[in-house]
Protein chains: 2
Amino acid sequence: MAKLDFSPIADTTRRAEIVGLLRRAILTGRLEPGQKLNELRISEQMRVSRAPLREAMRELVQEGILTSIPYAGTFVINVTAKDIDDAYSLNKVLDEFAIERTWPLRDQRFFDELDRRHAAVKQATRDLDTTRQIETALQLHGLIHEWADNSVLLETWQRLTSRLQMYFALHQRARNEPVPAVDAHETYVRLLKGSDMRAAQRHAKDHIDLDFEELLAYARGLEQRGSKGAGADRAGRPKGG
Amino acid sequence: MAKLDFSPIADTTRRAEIVGLLRRAILTGRLEPGQKLNELRISEQMRVSRAPLREAMRELVQEGILTSIPYAGTFVINVTAKDIDDAYSLNKVLDEFAIERTWPLRDQRFFDELDRRHAAVKQATRDLDTTRQIETALQLHGLIHEWADNSVLLETWQRLTSRLQMYFALHQRARNEPVPAVDAHETYVRLLKGSDMRAAQRHAKDHIDLDFEELLAYARGLEQRGSKGAGADRAGRPKGG
DNA sequence: GACAAGCAGATTGTCGACAATCTAACAAGA
DNA sequence: TCTTGTTAGATTGTCGACAATCTGCTTGTC
């Protein structure tokens, strides 16, 4: 008998579908921070009833990219510079841990997957597709968390990633210019293939710091603009993360 | 005018109420791992409709203590020894980070709160209230995460805590004997008040290891029993975390 | 003009009923 | 006996309607 590995079939509930649509809209910046999600309007647009939509929104609230106030509404979380700082400082700790755990588990499949994801980033960069570039870069960095064989770590990192992706998307959207084509991940990949674990850990920290400072400056700019006039609160009442 | 600090009024939605009830039932072990949650039965018992119940369950799924399979049901997560190991190893990393961040922020209010929570643990120990003992001990250890001034860290730790509390409750429930009255947290508190940060970090690791080994052994026992006969899968199909 | 009371309008929270799907038992055929 | 098709019951997923709550405006009063 031929060996066949079937992957699980897709979740075919409307709820799961809605979660995907909403998450994508938020993470790509199509839904802006602070924006209110009108249940009736969205449910009509998606041609579903409010029940599965509300359940989907509840999931995203727990996922940390929406926030809900009873009888007032559900909003996309607001991004403060402190949030970004918090997320990044924790991310460093997680990266260090992930590298340590992944290190002894590296094998040929790991290296192949590393190359595959690295190639995806380079492709997106060539295509000048900034959204995809963010996605693929995060997937590249996510490999160590997937490989570390620690489900809680992976879950934690994925939650963090959601926000980071949102922040980056906003940043890119604001600058609205093609990112430099120079490959910033080259060293990262090389070190992960090498034999000096400490060096890899150090680089993960330093490299991420680079993008981080830019992002932080952008967020601070947003807050200043927001505080001296009508800010990003598009409708209803806003709320911090 | 007298200074009055009002705390936010309670969430008065049925959904929030249900979340609390279910979470408590799971974390205290009244709902066992693998057990299926029948929506109709629970909604009738709580005298609510299925809509808010389902939304509440969706939240707990994202919180990580329930797991859902479309058209099959929602189940309390199963506890494997690996899950516990994963959670604990990550917890150590987070503790280390939390202590580092909390250290320069310690003040009189911190020390007071530390003493208050420590007293609560000792009270629960005297009362032989094991459930409360677990709760208060986790709250004591949670202080450094609350004080670290990092919202993402706090949120992550709270998610971890949910599971740890569940594991501990199961453990205690299984042993069903009063825990030793000796105060294991004395040193921890003392070190957090001292001036040697590294020592505090080291102790947090070592101390937790103690309880951990016991818990791990218990979980391994559960798995062995489970694999050679009818395990904890009470109804429907079980599923790993 | 300032301020409280009251009244729409809109939006969220909840309900009861129906549709889609799964599970298990049973019958039919090789 | 094993496999396959069918059916009934139970459970989950979804829908449309109603109740509760909030927001902003209007009205009336001082």
Side-chain angles (χ1 to χ4, degrees), chain A residues 1 6 8-23 26 31 34-62 65-77 230-231 233-239, chain B residues 6 8-22 26 31 34-62 65-77 230-231 233-239:
Chain A
M1 194 187 296
F6 287 108
I9 66 171
D11 286 349
T12 51
T13 59
R14 297 189 197 283
R15 183 182 66 237
E17 208 78 18
I18 297 170
V19 167
L21 283 175
L22 283 182
R23 187 190 287 121
I26 296 167
L31 283 170
Q35 189 168 355
K36 177 173 175 177
L37 277 68
N38 185 308
E39 296 178 3
L40 197 59
R41 197 159 50 76
I42 295 178
S43 68
E44 280 170 355
Q45 286 177 0
M46 291 188 180
R47 307 287 183 85
V48 295
S49 75
R50 284 173 54 223
L53 172 64
R54 283 173 60 87
E55 290 186 14
M57 285 164 78
R58 242 28 90 199
E59 288 191 24
L60 294 176
V61 166
Q62 284 307 106
I65 59 180
L66 288 181
T67 182
S68 164
I69 305 175
Y71 290 107
T74 304
F75 309 82
V76 179
I77 58 165
D233 14 24
R234 177 157 297 267
R237 7 171 182 163
K239 199 206 167 197
Chain B
F6 287 108
I9 66 170
D11 285 350
T12 52
T13 60
R14 296 189 197 283
R15 183 181 67 238
E17 208 78 18
I18 297 170
V19 167
L21 283 176
L22 282 182
I26 296 167
L31 283 170
Q35 188 168 355
K36 177 173 175 177
L37 278 67
N38 185 309
E39 296 178 2
L40 197 58
R41 198 159 51 76
I42 295 179
S43 68
E44 280 170 356
Q45 286 178 357
M46 290 188 179
R47 306 286 183 85
V48 294
S49 75
R50 283 173 54 223
L53 172 64
R54 282 173 60 86
E55 291 187 13
M57 286 164 75
R58 244 24 95 200
E59 288 191 23
L60 294 176
V61 166
Q62 284 306 107
I65 58 180
L66 289 182
T67 182
S68 163
I69 306 174
Y71 290 107
T74 305
F75 308 82
V76 179
I77 58 165
D233 12 23
R234 177 157 298 266
R237 8 171 180 163
K239 197 207 169 194

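These values consider heavy atoms only, across backbone and side chains, with no hydrogens, waters or symmetry-generated copies. All chains are named by letter (A, B, ...) in the order of the sequence lines, taking the proteins before the strands, and each is independently numbered beginning at 1.
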Fill in: Nucleotide D:dG16, atom C1' - distance to CG of A:Leu53 in whole Å
15 Å
Item to complete: Specify the closest pair of heavy atoms between A:Pro52 and A:Val48, including all atoms of both residues, with the distance to one decimal.
Response: CG-CB, 4.4 Å
Worksheet entry | Residue B:Tyr71, side-chain atoms from C-beta onward, closest of D:dT12, D:dT21, D:dC15 | D:dT12
Item to complete: Could you tell me whether B:Ile18 contacts a base, only the sugar-phosphate backbone, or nothing, with contacts defined as non-hydrogen atoms closer than 4.0 Å?
Response: nothing
Worksheet item: Considering residues at least two apart in sequence or located in another chain, which fulfil the side chain to side chain donor-acceptor pair (under 3.5 Å) criterion with A:Arg23?
Response: A:Glu63
Worksheet entry | Close approaches to DNA chain C from residues 55-62 of chain B, in residue order (heavy atom, under 4.0 Å) | none
Fill in: Non-neighbouring partners of B:Arg58 that pass salt bridge (Lys or Arg N to Asp or Glu O under 4.0 Å), sequence neighbours left out
A:Glu55
Discussion item. A side-chain contact here means heavy atoms from C-beta on lying under 4.5 Å apart; do A:Glu59 and A:Leu22 qualify?
Written reply: no
Worksheet item: Relative to the 5' end of DNA chain C, which residue comes earlier, A:Gly73 or B:Pro52, by the nucleotide with the nearest heavy atom?
Response: A:Gly73
Discussion item. For a 4.5 angstrom cut-off between non-hydrogen side-chain atoms, does A:Glu39 reach A:Ser49?
Written reply: no
Item to complete: Mind checking side chain to side chain contact (heavy atoms under 4.5 Å, CB included) for A:Leu66 and listing every partner two or more places apart, or none if nothing turns up?
Response: A:Ile26, A:Leu37, A:Met57, A:Leu60, A:Val61, A:Thr74, A:Val76
Worksheet item: Side-chain N or O of B:Ser49 less than 4.0 angstrom from OP1 or OP2 on C:dC15?
Response: yes
Worksheet item: Would B:Arg14 and B:Arg47 count as a side chain to side chain contact (heavy atoms under 4.5 Å, CB included) if you check the C-alpha gap in whole Å, the side-chain angles of each, and the deciding distance to 0.1 Å?
Response: CA-CA 10 Å; B:Arg14 296 189 197 283; B:Arg47 306 286 183 85; over 6 Å; no
Practice prompt. Check every strand shown and say whether B:Arg15 touches a base, only sugar-phosphate, or nothing at a heavy-atom separation below 4.0 Å.
Written response: sugar-phosphate
Worksheet entry | Residues forming a side chain to side chain contact (heavy atoms under 4.5 Å, CB included) with B:Leu40, sequence neighbours excluded | B:Asn38, B:Ser43, B:Glu44, B:Arg50
Worksheet item: Between atom OH of B:Tyr71 and atom OG1 of A:Thr12, what is the distance when rounded to the nearest 0.5 Å?
Response: 6.0 Å
Response to the item:
Nearest heavy-atom approach of A:Gly73 to A:Lys36 is CA-CE, 4.1 Å
Fill in: Gap between atoms CZ and P, on B:Arg50 and D:dT11 respectively (whole Å)
11 Å
Fill in: Near-strand residues of residues 38-45 of chain A, defined as heavy-atom separation under 4.0 angstrom from DNA chain D
none
Fill in: Divergence of helical axes at both termini of the helix from C:dG1-D:dC30 to C:dA30-D:dT1 - five pairs an end, 10° steps
10°
Worksheet item: Looking at D:dT14, C:dC15, D:dA17, which one has an atom nearest to any side-chain atom of B:Ala51?
Response: C:dC15
Worksheet item: Could you go step by step and tell me if A:Arg15 and B:Arg54 meet the side chain to side chain contact (heavy atoms under 4.5 Å, CB included) rule?
Response: CA-CA 12 Å; A:Arg15 183 182 66 237; B:Arg54 282 173 60 86; 3.5 Å; yes
Practice prompt. Scan B:Arg14 against the nucleic acid and name what it touches under 4.0 Å (heavy atoms): base, sugar-phosphate only, or nothing.
Written response: sugar-phosphate
Worksheet item: Counting side-chain heavy atoms from C-beta on, which of C:dT14, D:dT21, D:dT14 comes nearest to B:Arg54?
Response: D:dT14
Worksheet item: For A:Lys36 and C:dA10, what is the distance between atoms NZ and P respectively, to the nearest whole Å?
Response: 13 Å
